[in-house]
Number of protein chains: 2
Amino acid sequence: MHSCHEHTVCIEDALQTAHRICEERGLRFTDLRRRVLELVWENHGSAKAYDLLERLGEDYSAKPPTVYRALEFLQENGLVHKINSLNAYVGCSHPLQHQDCYFLICSKCQEIKECCTSQVANVVKNLTEESSFVPSRTTLEIEGICQDCRSNQKYNINKS
Amino acid sequence: MHSCHEHTVCIEDALQTAHRICEERGLRFTDLRRRVLELVWENHGSAKAYDLLERLGEDYSAKPPTVYRALEFLQENGLVHKINSLNAYVGCSHPLQHQDCYFLICSKCQEIKECCTSQVANVVKNLTEESSFVPSRTTLEIEGICQDCRSNQKYNINKS
DNA sequence: CTTAATTTTGTTACATTATAACATCATACC
DNA sequence: GGTATGATGTTATAATGTAACAAAATTAAG
């Protein structure tokens, strides 16, 4: 679904942006947090907490709270999102422009595309105001098949 | 959020509709399934699986698979929905008209309003087609404060 | 610089949510 | 009635997540 030429570039970008954001906000982008974000970004799919834990274990004395706390920090700062329908976590691809975003989840290649658009906020407005409901947080997750998987029939390919 | 005069009527309606749907589809609306659906409908909030389990325990030899299987059956037949952001289950209020639906989740009174509208399908179409993504399942959960809770400041009232 | 306050991480223990696998029971169909 | 199918019971365990307190690291204050 994603067409990054070199995925290492995605990772580097994400880490640098995160570094910058933390600096601007006076937050500590510790080794652990950096490492967890790096692992989350290892591909364009989502990562399960206990998988991160395992991969982290090589370098850190990692128990569940370790990884959940790092994920919490990253989520609070918009660097990672939780995909509720999967109980999994995905790196945020637009950590600065935060309107509501939504996720396209491909059930073939497992990749996830995050889209940020004011359309979501507009729709939510429409859908809530006739009930006089004041929204604070929106979860919009769309599962289906991405273009690549439909056209290529090449599934589960890890792009570099 | 909901203004049913007699909630027992909601429950009865839900059970009768479920009964009818199962009959039409040649499915067995067993005592257990009926009882679980009844418990899910006990209020307009959502029910946690293990709470259902406990409440079920009085009448049934209930262990986790018992309740999860009943919930699975009810979900498959559109009688119950899972709210992913809460890991909880809610009775479907429109089991027959199934376009995509969305949920308004009040974080004060915990009630959940399910809305079914073609708007959701339309929006999903908009949001996916520029990515040539073919959607199959949509999760749209909107958390916020309902009108009653804003105006009354009466929280956690169980309406009959 | 040294101490005190704060934040982060480690650690133990446990809570919550969910499923696999196989046994038993009930129902439907021949 | 006997057999096939579906539903439930049962045991065990997997997967996900958190509370509570201890230790270490960092920052702030004197």
Side-chain angles (χ1 to χ4, degrees), chain A residues 18-19 21-40 45-77 79-90 110 139 141, chain B residues 18-19 21-40 45-77 79-90 110 139 141:
Chain A
H19 185 76
I21 287 176
C22 288
E23 214 156 51
E24 283 168 14
R25 298 180 187 169
L27 300 170
R28 285 155 65 186
F29 193 48
T30 61
D31 269 4
L32 176 64
R33 290 166 177 173
R34 185 191 152 86
R35 183 76 183 113
V36 169
L37 184 59
E38 195 178 2
L39 290 171
V40 165
S46 61
K48 309 286 276 181
Y50 274 70
D51 286 348
L52 296 172
L53 184 56
E54 200 172 333
R55 289 190 268 156
L56 207 56
E58 299 155 14
D59 314 306
Y60 289 82
S61 148
K63 271 125 203 164
T66 304
V67 70
Y68 280 105
R69 280 189 293 225
L71 287 171
E72 187 186 19
F73 173 88
L74 296 168
Q75 283 177 266
E76 278 168 357
N77 291 287
L79 300 167
V80 154
H81 297 289
K82 177 169 187 183
I83 306 294
N84 284 314
S85 56
L86 301 177
N87 290 329
Y89 304 82
V90 67
Q110 316 299 332
T139 298
E141 296 167 6
Chain B
H19 184 76
I21 288 175
C22 288
E23 214 155 53
E24 282 168 14
R25 298 181 188 168
L27 300 169
R28 283 154 67 185
F29 192 49
T30 62
D31 268 4
L32 177 63
R33 290 166 175 174
R34 185 192 153 86
R35 183 76 184 114
V36 169
L37 184 58
E38 195 177 2
L39 289 171
V40 165
S46 61
K48 309 287 275 180
Y50 274 72
D51 286 347
L52 295 172
L53 183 56
E54 200 172 333
R55 289 190 268 157
L56 209 55
E58 299 156 13
D59 313 307
Y60 289 82
S61 147
K63 270 125 200 161
T66 304
V67 70
Y68 280 105
R69 282 190 293 224
L71 287 170
E72 188 185 19
F73 172 87
L74 296 169
Q75 282 177 267
E76 279 168 356
N77 291 287
L79 301 167
V80 154
H81 297 288
K82 178 170 185 182
I83 306 295
N84 284 314
S85 56
L86 301 177
N87 291 326
Y89 304 82
V90 67
Q110 318 297 333
T139 298
E141 296 167 6

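Lettering of chains follows the sequences in order, A, B, ..., and the numbering in each one begins at 1.
- Atom CD of B/Q75 has more than 12 heavy atoms from other residues, nucleotides or ligands within 6.0 Å.
- Side chain of A/Y50, nearest nucleotide from D/dG9, C/dT12, D/dT16: D/dT16.
- Atom P of nucleotide D/dG17 and atom OH of A/Y68 are separated by 4 Å, given to the nearest angstrom.
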Check: Do A/K82 and A/V90 pass the side-chain contact (heavy atoms from CB on, under 4.5 Å) test, and can you show the C-alpha distance, the side-chain angles, and the key distance before you say yes or no?
Finding: CA-CA 6 Å; A/K82 177 169 187 183; A/V90 67; over 6 Å; no

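- Contact annotation: B/K48 side-chain N/O to C/dT17 OP1/OP2 distance is under 4.0 Å.
- In this entry the distance linking CD of B/E72 with C1' of C/dA20 reads 13 Å, nearest Å.
- The residue from B/T66, B/L71, B/L53 that alone fulfils the side-chain contact (heavy atoms from CB on, under 4.5 Å) condition with B/V36 is B/L71.
- In this structure, A/N84 places its CG atom 20 Å from P of D/dA15, rounding to the nearest Å.
- With the nearest nucleotide of DNA chain D identified for both A/K82 and B/A70, B/A70 has the one nearer the 5' end.
- Checked against D/dT16, D/dT8, C/dA18, the side chain of B/L32 finds its nearest nucleotide in D/dT8.
- Listed pair B/K63 / D/dG9 fails the phosphate criterion, with no side-chain N or O lying under 4.0 Å from OP1 or OP2.
- Across C/dG10, D/dT8, D/dA19, the shortest atom-to-atom separation from the side chain of A/Y60 is found for C/dG10.
- Atom CG of B/L74 is separated from atom P of D/dT8 by 10 Å (rounded to the nearest Å).
- B/A18 and B/L37 get closest at one heavy-atom pair: CB-CD2, 3.4 Å.
- Residue contacts shown for A/R69 include a base, since a base heavy atom lies under 4.0 Å away.
- Nearest to the side-chain atoms of A/T66 among the listed nucleotides C/dG10, C/dT17, D/dG9 stands C/dG10.
- Comparing atom distances between the A/P65 side chain and each of D/dT27, D/dA19, D/dG17 picks out D/dA19 as nearest.
- Side-chain atoms of A/R28 lie closest to D/dT26 of the nucleotides C/dT12, D/dT26, D/dT16.
- Distance, A/R33 CZ to D/dT26 P: 12 Å, rounded to whole Å.
- Residue-level contact check: B/Y89 touches the backbone only, with heavy atoms under 4.0 Å from sugar-phosphate atoms and none from bases.
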Check: Please walk me through it: do B/N84 and A/T139 pass side-chain contact (heavy atoms from CB on, under 4.5 Å)?
Finding: CA-CA 9 Å; B/N84 284 314; A/T139 298; over 6 Å; no

Check: Going through the checks in order, is the side-chain contact (heavy atoms from CB on, under 4.5 Å) test met by B/R25 and B/I21?
Finding: CA-CA 6 Å; B/R25 298 181 188 168; B/I21 288 175; 3.4 Å; yes

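- For D/dT16, the OP1/OP2 oxygens have no side-chain nitrogen or oxygen of B/N87 closer than 4.0 Å.
- Between A/D31 atom CG and D/dA24 atom P there is a gap of 18 Å when expressed in whole angstrom units.
- Atom CG in B/L52 sits roughly 15 Å away from atom P in C/dT16 (whole-Å rounding).
- The distance from atom CZ of B/F29 to atom C1' of D/dA7 is 15 Å, rounded to the nearest whole Å.
- Among the nucleotides C/dG10, C/dT12, D/dT8, the one closest to the side chain of B/T30 is D/dT8.
- The side chain of A/P64 lies closest to D/dG17 when the candidates are D/dG17, C/dT27, C/dT9.
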